[in-house]
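A short write-up of the structure that comes next.
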Amino acid sequence: MGANRWTGSEVALLRQALRKTVRDFAALVPVSARQLTTWENRRASISLRPGNQEALDTLLARSGTAAQERFAALLTERAAAAHDARTEQLLSQLPRTVPHPGDGKLMVAVEEGIFFSGPADQPVWLEAFLIDVYPTTNRDYARFVLATGHPPPRHWPEGRCPAARADHPVVWVTWHDANAYASWAGKSLPTVRQWEKAARGTKGRHYPWGIEPTAAKCNVAEAGIGATTPVTRYQSGVSPYGAFDLCGNCWEWCSTEEVPQSTPRRYELKGSAFTSPFERALPSLRNAANAGMRDNDTSFRCVSNP
């Protein structure tokens with residue numbers, strides 16, 4: 001909502017979309033349960049302190065794809081009944097996800113324009129593109145393996161997708177494996193600049209969540225987990241476009257070849273991993289590996305044309 005005030009009814013819809021009790025939602029704002037009930041009963045514009053305003057805006061931005069879709073549906077339903085002209089304003093703040101026809105994964109749009117790239121924040125202009133909301137999971141990769149007969153990753157027991165890690169990023173994949181999946185899905189691997197813009201946005205953020213170096217917002221070595229985590233876990237680390245896990249969890253292959261070129265070919269990786277220190281998670285940093293490299297902390301996601 002930014003500088004625009006929330007109405008009590010919008011607060012009630014957000015709480016409903018997040019599936020929180022009055023007490024639990026009030027603690028997130030934070031206000032008393034009685035104050036929250038007063039807001040919701042008032043329905044029209046409510047007077048908010050700046051901290052409460054920011055908390056509601058942050059809850060909306062970081063609520064996760066499923067909750068945002070529920071909120072959008074509730075707003076749309078209310079607008080249809082009440083002819084509410086403010087609904088489009090609210091809906092415009094939600095990341096617009098679309099399923100890709102090739103592999104069914106949710107993608108989010110990154111608009112054309114300038115962003116600040118690299119450690120020196122060089123202005124760079126990019127065409128618009130779509131990027132996967134989440135890294136490619138074991139479940140996603142299993143559909144590719146089943147459809148094409150491509151060899152499964154080495155960590156799958158008896159060549160089958162591990163049920164307990166179905167929603168974790170697929171690992172032990174080479175650049176060639178990642179590129180084969182992208183081709184099968186009708187997508188491509190992102191360039192390093194596409195990946196970085198999706199992570200940093202257009203306002204020069206250092207990290208997906210802002211400028212503060214907060215290791216708790218991603219799965220890096222300091223977390224002490226020592227393994228991959230579900231791709232939906234770190235909701236507070238989501239990027240301005242609504243993409244998850246762009247810091248930590250797993251390194252991600254890109255389509256950009258390292259310069260100067262070498263033999264064997266080396267391609268750039270982004271994002272850091274659970275095995276790496278937080279200092280390596282800056283989206284502006286560069287890393288590269290041989291195209292045939294595979295490891296337990298290396299994965300990928302894809303991009304496509306809008």
Hey, can you pull the donor-acceptor pairs under 3.5 Å for the side chains in residues 109-119, sequence neighbours left out?
| from | atom 1 | to | atom 2 | distance (Å) |
| --- | --- | --- | --- | --- |
| Glu111 | OE1 | Tyr241 | OH | 3.4 |
| Glu111 | OE2 | Tyr241 | OH | 3.2 |
| Ser117 | OG | Glu196 | OE1 | 3.0 |

Can you give each donor-acceptor pair under 3.5 Å made by side-chain atoms of residues 174-191, sequence neighbours left out, with the distance rounded to 0.1 Å?
| from | atom 1 | to | atom 2 | distance (Å) |
| --- | --- | --- | --- | --- |
| Thr174 | OG1 | His176 | N | 3.2 |
| Thr174 | OG1 | Asp177 | N | 3.0 |
| Thr174 | OG1 | Asp177 | OD2 | 3.2 |
| Trp175 | NE1 | Cys254 | O | 3.0 |
| Asp177 | OD1 | His150 | NE2 | 2.8 |
| Asp177 | OD2 | Thr174 | N | 3.0 |
| Tyr181 | OH | Asp103 | OD2 | 2.7 |
| Ser183 | OG | Asn179 | O | 3.1 |
| Lys187 | NZ | Asp103 | OD1 | 3.0 |
| Lys187 | NZ | Asp103 | OD2 | 3.0 |
| Lys187 | NZ | Asp132 | OD1 | 2.7 |
| Thr191 | OG1 | Gln194 | N | 3.0 |

#### Entry: Straight-line distance of Arg200 CZ to Ser239 OG, nearest 0.5 Å
12.5 Å
### Summary
To the nearest 0.5 Å, atom OG of Ser236 lies from atom CH2 of Trp209 at 8.0 Å
### Message
Once salt bridge (Lys or Arg N to Asp or Glu O under 4.0 Å) is applied, what residue pairs with a partner in residues 263-289 remain, sequence neighbours excluded?
### Response
Glu257-Arg265, Glu258-Arg266, Glu268-Arg286
### Summary
Heavy atoms of Leu246 and Trp195 approach each other most closely as O-CH2, 2.8 Å
## Note on the structure
What one should report as the nearest heavy-atom pair of Ser272 and Pro277 is OG-O, 3.8 Å
Give the table of side-chain donor-acceptor pairs shorter than 3.5 Å for residues 13-33, with sequence neighbours excluded, one pair per line with atom names and distance.
| from | atom 1 | to | atom 2 | distance (Å) |
| --- | --- | --- | --- | --- |
| Arg15 | NE | Glu40 | OE2 | 2.7 |
| Arg15 | NH1 | Lys20 | O | 3.1 |
| Arg15 | NH2 | Glu40 | OE1 | 3.1 |
| Thr21 | OG1 | Asp24 | N | 3.1 |
| Thr21 | OG1 | Asp24 | OD2 | 3.3 |
| Ser32 | OG | Gln35 | N | 3.0 |

### Message
Could you check whether any side-chain heavy atom of Pro157 comes within less than 4.5 Å of a side-chain heavy atom of Pro162, counting everything from C-beta outward?
### Response
yes
Please table the atom pairs, donor to acceptor, closer than 3.5 Å between any side-chain atom in residues 219-230 and protein atoms at least two apart or in another chain.
| from | atom 1 | to | atom 2 | distance (Å) |
| --- | --- | --- | --- | --- |
| Asn219 | ND2 | Ala227 | O | 2.9 |
| Asn219 | ND2 | Thr229 | OG1 | 3.4 |
| Asn219 | ND2 | Asn249 | OD1 | 3.2 |
| Glu222 | OE1 | Phe278 | N | 2.9 |
| Glu222 | OE2 | Phe278 | N | 3.0 |
| Thr228 | OG1 | Arg165 | NH1 | 3.0 |
| Thr228 | OG1 | His168 | ND1 | 2.8 |
| Thr229 | OG1 | Asn249 | OD1 | 3.3 |

## Note on the structure
By salt bridge (Lys or Arg N to Asp or Glu O under 4.0 Å), Asp295 pairs with (sequence neighbours left out) none
### Query
Do Trp172 and Asn296 get their side chains close enough for a donor-acceptor pair, meaning under 3.5 Å?
no
### N-O pairing of Asp140 and Lys105 below 4.0 Å
yes
